[in-house]
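Excluded from the calculations below are hydrogen atoms, water molecules and symmetry mates; all remaining heavy atoms, backbone and side chain alike, are included.
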Amino acid sequence: MSSNEPRSNFLRTQIQSDLDQGVVTDVVTRFPPEPNGYLHIGHAKSITVNFGLAEQFGGRCHLRFDDTNPEKESQEFIDSIQEDVRWLGYTWSGEVRYASSYFEQLYQWALYLIDQGLAYVCDLSAEQAREYRGSLTEPGKDSPYRNRTIEENRALFEQMRAGAFADGSKVLRAKIDMASPNINLRDPILYRIRKAEHHQTGNAWPIYPTYDYAHGQEDAIEGISHSICTLEFEDHRPLYDWFIANLPVPSKPRQFEFARLNTSYTVTSKRKLKALVDEGAVAGWDDPRMPTIAGLRRRGYPAAAIRHFCEEVGTSRSDSVVDVAMLESAVRNHLNQHAARAMCVLDPLRLVITNVDASEQLTLANHPSDDSLGSRSVEFGAELWIDRDDFREEANKKYKRLVIGKRVRLRGAYVIEADACDKGPDGRIDVVYARLIEGTLGEDPADGVKPKGVIHWVSCATGKTATVRLYDRLFTEANPGKAEDVMAVVNPMSLRQLDTAVIEAAAAEAAPETVFQFEREGYFVADRFDHRPDAPVFNLTIGLRDTWSAQDG
RNA sequence: UGGGGUGUCGCCAAGUGGCAAGGCAGCGGGUUUUGAUCCCGCCAUUCGCAGGUUCGAAUCCUGCCACCCCAGCCA
């Protein structure tokens with residue numbers, strides 16, 4: 001594959017072929033969420049597939065709320081979904097659409113099916129209907145109401161629409177085949193009675209269409225050329241096609257299915273995500289540990305990285321679980337290129353440089369290879385904070401940080417040599433004393449004794465205390481969805497909050513959602529909601545790749 | 001045990017009859033004022049299994065096996 005060509009997948013091949021053969025002239029796709037929850041990484045995949053295909057083939061992609069079940073839906077979700085799709089970087093064609101705005105047309109088409117003798121009103125209770133449906137291995141039985149006359153069905157359905165019957169007392173069903181090996185074709189339900197207020201249509205409708213009846217027709221109304229959904233709907237395709245074939249619809253969309261995205265160490269079931277929120281395992285739907293779009297955003301995962309990840313993963317029809325390391329890799333890759341560097345000491349230890357008295361301003365590049373990110377001024381003085389983990393009184397040869405009697409480079413500044421340290425009564429080191437080696441700003445020591453490594457630091461005089469939240473994977477199991485109880489596999493170390501970290505003054509001023517690479521530590525984002533210049537709050541997006549910590553040293 | 005799908009490297013995934021892409025992970029080595037990045041190299045004689053067709057098969061045929069989905073008036 002050449003680097004700029006989109007990776008081949010069956011959907012791209014299909015569409016290209018349809019275009020080549022003139023089966024379609026315009027590519028129109030749609031992302032059709034039900035507004036009954038927050039979007040998560042799996043939805044991101046569907047979004048990139050649908051919008052991506054439209055983009056690639058010069059077509060359009062609609063955003064359509066599949067709002068046929070008012071009892072589970074709300075305006076809150078309609079708003080959050082739009083925000084998430086926009087944040088991911090996509091613009092839908094035209095206005096936001098709603099299945100509910102097609103309710104009248106759908107109703108008229110239901111009457112049409114009745115008139116064709118292809119639909120009937122059934123009085124079976126839900127329980128009875130289940131019995132009549134048969135089983136996976138046994139055919140179903142015809143409903144006793146299956147042979148009502150067209151006139152009777154029409155009158156009954158009109159009364160259903162008028163609100164004459166109680167919830168659940170009747171349904172409208174398609175008359176297909178109760179013996180079909182495909183259970184979806186055993187006289188599926190088109191309409192049920194639900195006297196529920198709808199977030200868009202209010203109390204205008206006492207009956208609501210089912211997904212099976214509504215979806216294909218919604219696509220047809222909108223002129224969708226390729227209706228892309230997930231694998232579990234494959235069995236519904238014959239039904240989808242049946243409606244399109246039997247109704248005077250304005251276009252003939254076709255359905256194609258792909259495998260939904262699953263990632264390791266992640267749960268996407270709405271029920272389980274809700275349990276995490278309700279039981280306090282996380283702080284909310286947008287907690288940085290959540291796989292929701294809002295959570296990933298608050299974690300600092302760039303939209304472009306999520307998009308790139310979805311592309312790298314590919315689109316196929318085989319069930320799979322993608323290693324979450326792949327997502328993390330996409331995030332690191334993007335941030336390495338785009339995030340400005342800064343210094344932050346997570347676990348401060350005071351360093352006194354005994355031969356320095358005046359402070360000075362040093363200019364540091366914001367990115368090691370991208371000059372367009374500019375530079376910043378950082379104060380350097382006699383008292384600095386360094387990380388407690390970057391100093392040892394003595395250490396083996398593998399340890400490349402500060403050791404008494406040894407040299408280390410202060411990132412972007414001078415080489416120093418440690419002389420001594422003070423300890424408190426508990427043996428804990430309080431202060432490290434070191435000497436600056438003259439002439440080492442941008443130069444190696446003149447005596448030829450090079451420092452073993454480089455450590456980061458922040459001026460005691462101008463550094464700002466910050467809250468830093470260190471996140472780790474939410475689960476201890478690679479497949480938490482398989483666990484009997486998700487709460488039992490929640491990682492107790494998934495959040496560690498530090499209240500005494502110290503960051504460069506300039507970083508504190510950053511706008512919320514700005515991501516930095518705190519050098520030698522990782523990528524951190526200024527919290528979208530909690531960060532303030534006078535009370536900085538940073539979330540760990542992802543740590544730097546670490547190939548040495550497991551080793552001695 | 002009815003129907004619909006899927007099986008290519010540890011994890012994804014191209015490939016659609018001509019001598020197994022790529023990414024992630026992993027492993028070596030080099031560069032480096034981030035133990036990061038970057039760079040170089042290694043990593044499937046083999047495509048669920050067994051037969052068959054063919055000069056030639058991951059790609060075609062047959063049979064098996066494994067896994068996923070379907071019996072909501074959810075989507």
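Ser125(A) meets the side chain to side chain donor-acceptor pair (under 3.5 Å) test with Gln128(A); sequence neighbours excluded. Partners of Glu438(A) according to the side-chain contact (heavy atoms from CB on, under 4.5 Å) rule, which considers only residues two or more places apart in sequence or in another chain, are Asn355(A), Leu436(A). Under the side-chain contact (heavy atoms from CB on, under 4.5 Å) criterion, Asp142(A) pairs with Arg146(A), Met178(A), not counting sequence neighbours.
The phosphate of U37(B) has OP1 or OP2 within less than 4.0 Å of a side-chain N or O from Arg545(A). Residue Thr547(A) has a polar side-chain atom (N or O) positioned under 4.0 Å from OP1 or OP2 of A36(B). Applying the 4.0 Å criterion to OP1 and OP2 of U1(B), one finds that Thr137(A) has every side-chain N and O outside that range. Taking only side-chain nitrogens and oxygens, Arg271(A) never comes nearer than 4.0 Å to OP1 or OP2 of C74(B). In this structure, Ser180(A) does not reach the G3(B) phosphate: none of its side-chain N or O atoms is under 4.0 Å from OP1 or OP2.
With respect to the salt-bridge test (charged N to carboxylate O, under 4.0 angstrom), the residues Glu218(A) and Arg30(A) do not qualify. Between Arg435(A) and Glu417(A) there is a salt bridge, since at least one side-chain N of the basic residue sits less than 4.0 Å from a carboxylate O of the acidic one. Ion pairing between a basic and an acidic side chain is recognised when a charged N comes within 4.0 Å of a carboxylate O; Asp444(A) and Lys450(A) show such pairing.
For Phe516(A) and Phe524(A), the gap between ring centers reaches or exceeds 6.0 Å. Less than 6.0 angstrom separates the ring centroid of Tyr208(A) from the ring centroid of Phe103(A).
Between U54(B) and G22(B), the distance separating the two C1' atoms is 31 Å to the nearest Å. To the nearest whole angstrom, the two P atoms, one in U45(B) and one in G63(B), are 30 Å apart. The gap from the P atom of C55(B) to that of C39(B) amounts to 47 Å, rounded to the nearest Å. Comparing the P positions of A36(B) and A25(B) gives a spacing of 13 Å, expressed to the nearest Å. Nucleotides U59(B) and A20(B) are separated by 11 Å at their C1' atoms, to the nearest Å. The same atom, C1', is picked in G3(B) and in A71(B); the two are 12 Å apart, to the nearest Å. With P as the reference atom, C11(B) and G48(B) are 14 Å apart, rounded to whole Å. On the P atoms, A21(B) is 15 Å away from U46(B), given to the nearest whole Å.
In this structure, Ile176(A) places its CD1 atom 15 Å from C1' of G3(B), rounding to the nearest Å. Here the C1' atom of nucleotide A75(B) and the OH atom of Tyr211(A) are 7 Å apart, to the nearest Å. The nearest whole Å value for the distance from the CZ atom in Arg260(A) to the P atom in G5(B) is 18 Å. Between the CZ atom of Arg473(A) and the P atom of A25(B) there is a distance of 11 Å, given to the nearest Å. Following rounding to the nearest Å, Glu257(A) (CD) and G5(B) (C1') show an atom-to-atom distance of 9 Å. The distance between atom NZ of Lys452(A) and atom C1' of U34(B), rounded to the nearest whole Å, is 17 Å. Following rounding to the nearest Å, Tyr132(A) (OH) and G72(B) (P) show an atom-to-atom distance of 16 Å. His215(A) has its NE2 atom 17 Å from the P atom of C74(B), to the nearest Å.
Among the protein residues, Val171(A) comes within range of the nucleic acid bases, having at least one heavy atom under 4.0 Å from a base atom. Counting any heavy atom pair closer than 4.0 Å across all strands shown, Lys170(A) reaches no nucleic acid atom.
Base orientation of G29(B): anti (glycosidic angle beyond 90° from 0).
Tyr191(A) and Tyr213(A) have tilted rings, their planes meeting at an angle from 30° to 60° on a 0 to 90° scale.
Side-chain atoms of Asn366(A) and Ser375(A) include no donor-acceptor pair closer than 3.5 Å.
Pairing for G63(B) is with C49(B), a Watson-Crick or G-U wobble pair whose two hydrogen-bonding atom distances lie under 3.5 Å.
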Would you list the atom pairs, donor with acceptor, under 3.5 Å between side chains in residues 322-329 of chain A and any protein atom, with sequence neighbours excluded?
residue	atom	partner	partner atom	Å
Asp323(A)	OD1	Ala325(A)	N	2.9
Glu328(A)	OE1	Arg473(A)	NH2	3.3

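Within residues 31-43 of chain A, the residues approached by RNA chain B to less than 4.0 Å at the level of any non-hydrogen atom are Glu34(A), in residue-number order. Within residues 325-333 of chain A, the residues approaching RNA chain B are Ala325(A), Met326(A), Ser329(A), by heavy-atom distance under 4.0 Å.
Under the 3.5 Å distance criterion, the side-chain polar atoms of Asp67(A) are matched with a main-chain donor or acceptor of Ala99(A).
Within the structure, side chain to side chain donor-acceptor pair (under 3.5 Å) contacts touching residues 259-268 of chain A (residues at least two apart or in different chains) are Glu232(A)-Arg260(A), Thr263(A)-Thr266(A). Sequence neighbours left out, the pairs with a member in residues 434-459 of chain A that pass ring pair (Phe, Tyr, Trp, His ring centres under 6.0 Å) are Phe380(A)-Trp457(A).
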Contacts under 3.5 Å, N or O only, protein and nucleotides 15-19 of chain B:
residue	atom	partner	partner atom	Å
G15(B)	OP1	Ser8(A)	OG	2.3

Can you check nucleotides 29-32 of chain B for protein contacts, nitrogen or oxygen pairs under 3.5 Å, and list what you find?
none

Which protein N or O atoms sit under 3.5 Å from an N or O of nucleotides 41-44 of chain B?
none

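Residues Leu410(A) and Gly314(A) both approach RNA chain B. Their nearest nucleotides, taken by heavy-atom distance, put Gly314(A) toward the 5′ side. When the nearest nucleotides of RNA chain B are assigned to Ile455(A) and Asp212(A) by heavy-atom distance, the more 5′-ward of the two goes with Ile455(A).
With a 6.0 Å radius and a threshold of 12 heavy atoms from other residues, nucleotides or ligands, Gln361(A) has its CD atom above the threshold.
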Base-contact (B) and sugar-phosphate-only (S) positions in nucleotides 64-70 of chain B, heavy-atom cut-off under 4.0 Å, - elsewhere:
----SBB
